[in-house]
Amino acid sequence: MIRLENVTKEYNPTSPALIDASAEIEKGEFVFLVGASGSGKSTFIRLLNREEKPTSGKVYVAGKDIVGLSSWKVPFLRRNIGCIFQDFRLLPKRTVAENVAFALEVIGRPKHVIDQQVPAILDLVGLSEKSHRMPDELSGGEQQRVSIARAFVNRPLILLADEPTGNLDPDTAVGIMRLLDRINRTGTTVVMATHDRGIVDTMRRRVIELKDGEIVRDQSGGQYR
Amino acid sequence: MIGKARFLLAETGQNIWRNIALTLASILVAAVSLTLFGTSQLVARGVENATQRWEGGIEFVVFMKADAEQSQLDAIEALLEESRGEEINDWDFVSKEETFNEFIEFFAGDEELLDTISVETMPPSFRIQPTDPDAGAVAALGGTFESKPGVRTVVFATEVIREIQTNAEKISQVMLWVGVLLLVASAIVILTTLSIAISSRRNEIEIMKLVGASNWFIRIPFMIEGLLQGVIGALLALPFLAFARQYVIEDFSESDRLRLLEGFRVTDSEFLFISLTAIAIGTAVATVGSILAVSRYLDV
């Protein structure tokens, strides 16, 4: 599903963000990216949805070389990749349902599809009751659920999560992880960058550890260490 | 498809509403610049129409009576031909039919007036280009025709006409250049308005990119917004242009003291052409502003 071949990314030549990284992630896998701040986790994720291009090396997503992808095709790549973030990135002036619907509206989905899919996904993330609330009326955990609903409503092949529990208390984080696990069980590949030792050690999934831009460990069923 | 269009239009509407003051400023600058541009063209056309018969060194016109006989015309023609190369450099005969056609063109749309005229009522004329443009010499030469049989009157291109011609030309030029400068300003204001609209929506744009909205889907609301500013500005300029045509230019031609400027008017087809040009320029300027804004501030 995802393959990196000798990928190097330099924002400036003296300290590359990612050095000669190679990895292959199969369809349906759940992968943790761990490492200290600045170790290259976010760069790894940003390379997968073409927010960044590597300085050298190849990136394949769903069998396609995405480095050479012409810019007008990038949106179509991104329709297959959902993204969630530490800071949720919800639109503050839209309700929960509108935030989720926005993701479908802007890719031109017809209204009857939107009307059917938005309630279904809000039910999946457990927010049916709050679909007409504004984001600032929700707890952090609920906001992250909305952002997961938005990322997943289009049923992407891959879900990228950059520190999704970083702003949440441990109990709430567990709830979010259960949700991501459920999504993973539907066959969606999940790649999650995290600092959260507890979560990694409990879930026992594949762990890719980065240090100063290099992959120093790639272990299935791994721990945070 | 309909859902898509509705969404894009709703986005555009929201953009404009959030940015209403700047949008209005932008529209007004476009309107004023196009009004100036259009008025300069109206004045230029008016002067051209009024002084058409005075172009190419023509200093006086001998108007014959409408019922002048062919023999009388022949006599004048013979006289002119005799002096060709001496006092007269060149001359031109304008027949009843040609006069009639010019008249129709000038007063197109003025049905009442056109009903009262016919080819028969039109005076034929000779447009004469003397060798010596000195006012005294021209007056003396023209005077010799006044008493000839069949001649109704001799009209001279006096200094007044020449002066008005140059002054009007200057005014028209100045308005044109101010108009062009304002058009540039208008493009910049549109550009700025859009850049503010874009930056006030950067969160939405970021999400749109993230969930895979196509580049055009992101750009189109902003481009429509910019385009609307130019087009509405141009449409707003049209009543001002009509006003300029009606009250400034045509009053000019009706004032008694400027009898010589009879025919200082702009035909309907010329007005239509100038209006369409203004709309086209407004649209073009807005398109340039929008494309610049979108490519500079919206890196999708």
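We name chains A, B, ... by the order of the sequence lines, and we start the count at 1 in each one.
- A heavy-atom distance below 4.5 Å is found between the side chains of A/Arg94 and B/Glu204.
- Taking a 6.0 Å sphere around CZ of B/Phe273, one finds it holds 12 or fewer heavy atoms contributed by other residues, nucleotides or ligands.
- In this structure the side chain of B/Ser214 reaches within 4.5 angstrom of the side chain of A/Arg79, judged on heavy atoms.
- How far CG of B/Leu210 is from CD1 of A/Ile84: 11.0 Å, rounded to the nearest 0.5 Å.
- If you measure heavy-atom distances from A/Ile81 to chain B, the contacts under 4.5 Å come from the backbone alone.
- In the displayed structure, B/Phe240 atom CZ is contacted under 6.0 Å by at most 12 heavy atoms of other residues, nucleotides or ligands.
- A 4.5 Å side-chain heavy-atom check between B/Ile207 and A/Val106 finds every atom pair outside the cut-off.
- Comparing A/Ile114, A/Leu91, A/Leu90 by heavy-atom pairs within less than 4.5 Å of chain B, the highest count is held by A/Leu91.
- With values rounded to the nearest 0.5 angstrom, A/Cys83 atom SG is found 10.0 Å from B/Glu206 atom CD.
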